[in-house]
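Here is the structure we will look at, set down as structure tokens.
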Amino acid sequence: MKVSVLGGATTKFGELWERSPRQLATSVVNEVLELSKLKKNKIDAIYVGNMLSSSLGNQDHLGAFFSEELGLNVPALKVEAACASGGMAVHLAALSILSGQYKNVLVLGIEKMTDYKPEVVNSALMGAGSDAEREAGATFPALYALMATLHMQKYNTSEEMLAAVSVKNHYHASLNSHAQFRKPITLDDVLKSPPVASPLKILDCSPLTDGAAAIILSQDSAKAGVSIIASEVATDTLGLSQRDDITSLKATRLAAEKAYKQAKISAKDIDVAEVHDCFTIAEILAMEDLGFFRKGEAGPAILNKKTWLGLGRPVVNTSGGLKASGHPVGATGVKQIVEIYNQLSERASLKQVKNAKIGLTHNVGGSGATCVIHILKRFGDIPAR
Amino acid sequence: MKNVGILSYGTYLPHFRIKTDEIASVWGKNSDNIVSSLGISEKSVAGIDEDSVTMAYEAGNEALKKANINPEALEAILVGSESHPYAVNPTSTIIGEFLGAKTYYLASDLEFACKAATTAFISVAGLISSRTIKTGLIVGSDRAQAKPHDILEYSASSAACAFILSIDTKECLADILDVTSVSSDTPDFWRRDGVRYPSHGGRFTGEPAYFHHVELASKNLLEKSGLTPSDFKYCVFHMPNGKFPRVVAKRLGFSSPQQEPSLIVDSIGNPYSASSLLGLSAVLDIAQKDDLIFMVSYGSGAGSDGLILKVNKSQSSQEYAFKNKISKKQYITYLQYLKFNNKI
């Protein structure tokens, strides 16, 4: 598989009360077109990654909503897979390129969350959960807290190890001008922050965020130095109760296995990764399920800074991850591609991983019911810019 | 603004208090975190037989007593509140009747979230400054509502504060030197007709709402007056919690000693339209001749009113001092709180 990435851009992530979804889309698409050196009329289709436009924004026709805003009449559709909506949009866009139907495709990931009351947003987000677990009153923090509790019991994972994920990602975000939270924090800050669903504390949890991200995928490899070499998806049960093991996400394992096979590489070949750290335990699970560390060894490794920028490989969540860069759910999976694209094309500025050639993105929906994995590779020289 | 001053003021604070700790324990929250983030350790609670009318009357009555004037001298009574007991039937006429005002007075109720009473203050001051009337009463009174388990439950409190304004005479405690107002359509906090509890936009109530408007009004007032923060002995800002007024004062260049006497929020919470006026009353309790006072209110929806006052004379007695009222209290349980608020 080889689908060229011509460019990627994100808006600033955060509480963007003064900017509408239309404004976010227009600004990020203009930026990505400029970076890609592509004229707008060369876009053949638009895939929009978004979860909540229907439940929060009362807009059920999002493809045409944004094609209208961009002044285009091309096929445009919304792709929804909960928090993996962005990754799934990239997956389908890549398949559309491979099909030969389209030459250049715009993928727009976008979410507007902070214009609404937190309890309303939380209720909408639980739309991604299983009926039974919702009826029992579970929220995603509670479900991930269950996973964390069992992981701690089985593998001696400690609260410090969970906290170390947040500390690392805040440090990386401090180097990211577009991140929501750019303040470095300490283990003590995390450990003393108010509990949300024990053992998860507020600083173990990703925030509500507004933001947009966009990439251009293309058949044209002449202009691109970075390509997607694997795009795979796996799904699992919506809820935790039907799973054999909740200290691991089966969807991640299955998607990763397929993606490594498709890319003809293994986990040890990955230089840089953006993984779905909606909660700190989620990054520990991802590290193990993606094969970067053996089961039970990710927590100590993260605590020992094995995945910090400049201190080990793979470097994980250089954007700051969902935790500190922010988590505008439909935009997250696209932002991950943008970050890896920037790393592989040496556009990552202060957070640049030296000599990064292969990168991975890992985007999860719900409590692990959907997992989308992409592997990107740099080919040849870095394109001039 | 010329020829208008504060003749007297009165305050009313209910006897009952509920501690942040008591509310937090019901909802399984860490009280220390809430106290440190909101800066409120307890709040005042109106008794079961108190409402915005009874509290407005008490504050107005005290202001009349201190002014030692005949209530028939009042030519205007404006009451600001967001908890007027009646949607139709003015609070202002009820308290006018009970205070003994004569028939020929202008009465009206105002609603503009927490700044309705400072708007009343500026309105009556304008009538006096223009020589339309000589004396008027304004009151801010609220029995603030908060939905159980909402963050507002820790701050929404009850109290009232009244000011009698008059043409500038040697009897006036302070002259009103200048005023300003800013307004915009900013949906940070609202309650639709018939809905029991208000809604709010969470963190949206901060930067684009409170801070934006308070800072605009403050800067405008300083620019208009040609004064700087260091020219003032005291500053008073609306207190939706203990954090916001401290942050905004610091940003504008006011010091902690300038602000500290006005910070009644720490021990009584936010009695909405009475909040900034009670802060002003706490300052006037201790102010001395020639002290300059800077005050800016805030009302959601949204807007801010600003005032600059110059003190003419200090209070001769501390009999009515607000700090004494703060210390007279009885703690209640959460169950009593629910009962007093007709929630059970």
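Scope of the values below: all heavy atoms of this structure, side chains included, with no hydrogens, waters or symmetry mates. Chain letters run A, B, ... following the sequence lines, proteins first and then strands; every chain starts at 1.
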Residues 190-200 of chain A, side-chain donor-acceptor partners within the protein, below 3.5 Å, at least two apart:
{"residue": "Lys192(A)", "atom": "NZ", "partner": "Asp188(A)", "partner atom": "OD2", "Å": "3.1"}
{"residue": "Ser193(A)", "atom": "OG", "partner": "Val190(A)", "partner atom": "O", "Å": "2.7"}
{"residue": "Ser193(A)", "atom": "OG", "partner": "Leu203(A)", "partner atom": "N", "Å": "3.4"}

Would you indicate whether Tyr331(B), at its atom OH, is surrounded by more than 12 heavy atoms from other residues, nucleotides or ligands within a distance under 6.0 Å?
yes
Run the salt bridge (charged side-chain N to carboxylate O under 4.0 Å, His left out) test against Glu159(A) and tell me which residues pass, sequence neighbours left out.
Lys201(A)
Spacing of His149(B) atom NE2 and Glu119(A) atom CD [to the nearest 0.5 Å]
10.0 Å
Value rounded to 0.5 Å, distance of CH2 in Trp17(A) from CG in Asp188(B):
10.5 Å
If you draw a 6.0 Å radius around NZ in Lys329(B), do more than 12 non-hydrogen atoms from other residues or ligands fall strictly inside?
yes
If one checks every heavy atom of Asn33(B) against chain A at 4.5 Å, the contacting part turns out to be side chain
Distance-minimising heavy-atom pair for Lys117(A) and His200(B)
CG-O, 3.5 Å
